[in-house]
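Data first, discussion second: the structure below is written as structure tokens.
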Amino acid sequence: MKLSWKDAQTEPDYPDAMELQRIYLRFKYQGHHLGRQIMDFAMQEAKKSGVPRVWLGVWEHNYPAQKIYGRYGFKQVSQHTFMVGDDPQTDFILMKDMTEED
């Protein structure tokens with residue numbers, strides 16, 4: 001997992017937010033609730049830093065990840081296309097408002 005603030009973010013559209021990037025678990029560790037620990041840690045860091053929003057990009061066909069992010073209160077606010085070789089891929093931009101109570 002990587003957390004990015006201000007100019008370190010991959011998109012310039014959310015300068016007051018924290019970006020949550022590169023959330024990966026090796027396959028053999030999936031299903032052991034480690035993703036929940038990673039997300040909980042990221043949300044704690046966002047609260048500590050005082051950012052009003054957290055955002056992330058998720059591949060449009062990564063339905064399991066989208067479901068998890070939805071449980072954490074992330075909602076789609078945008079999307080962008082990026083190239084993987086000659087293949088255009090779409091990421092959904094999901095945002096969580098940190099000012100709302102859980």
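Partner of Arg53 under the salt bridge (Lys or Arg N to Asp or Glu O under 4.0 Å) criterion, chosen from Asp97, Asp13, Asp16: Asp16. Checking each of Leu94, Ile93, Ile68, Val58 against Phe74 for a side chain to side chain contact (heavy atoms under 4.5 Å, CB included) leaves exactly one that passes, namely Leu94. Among the candidates Glu60, Gln66, His61, the single residue satisfying the side-chain hydrogen bond (donor to acceptor under 3.5 Å, both in side chains) test with Tyr63 is His61.
Nearest heavy-atom pair, Ala46 versus Met98, reported as atom, atom and distance to 0.1 Å: CB-CE, 3.9 Å. Scanning all heavy atoms of the two residues, the minimum distance from Tyr14 to Gln9 falls at O-NE2, 3.0 Å. Considering all non-hydrogen atoms of both residues, Val51 and Ala17 come closest at CG1-C, 4.1 Å.
In this structure, Met95 is not a member of the same hydrophobic cluster as Phe92, with clusters built from ILVMFWY side-chain heavy atoms closer than 4.5 Å. Taking hydrophobic clusters as Ile, Leu, Val, Met, Phe, Trp and Tyr residues chained together by side-chain heavy-atom distances below 4.5 Å, Val77 does not share a cluster with Met18. Put simply, Met39 and Leu34 are part of the same group of oily side chains (I, L, V, M, F, W, Y) that touch within less than 4.5 Å, one to the next. Note: the hydrophobic cluster containing Tyr69 also contains Phe41 (ILVMFWY, side chain heavy atoms under 4.5 Å, direct or indirect links).
For the atom pair OG1 of Thr99 and NZ of Lys47, the computed distance is 11.5 Å after rounding to the nearest 0.5 Å. Interatomic distance, CH2 of Trp5 versus CD of Glu45, reported as 6.0 Å (0.5 Å rounding). For the atom pair Lys96 NZ and Leu20 CG, the distance stands at 11.5 Å (nearest 0.5 Å). In this structure, OG on Ser4 lies 12.0 Å from CD on Glu11, to the nearest 0.5 angstrom.
Side-chain atoms of Glu19 do not come within 3.5 Å of backbone N or O of Leu3 as any donor-acceptor pair. Formation of a donor-acceptor pair under 3.5 Å by the Asp91 side chain with backbone atoms of His80 is not found in this model.
Judged purely by distance below 3.5 Å, without hydrogens or angles, the side chains of Thr90 and Gln79 never pair a donor atom with an acceptor atom. In this structure, a donor-acceptor pair under 3.5 Å is present between the side chains of Gln89 and Asp87.
Crowding of Tyr29 atom OH: a count of heavy atoms from other residues, nucleotides or ligands under 6.0 Å not exceeding 12.
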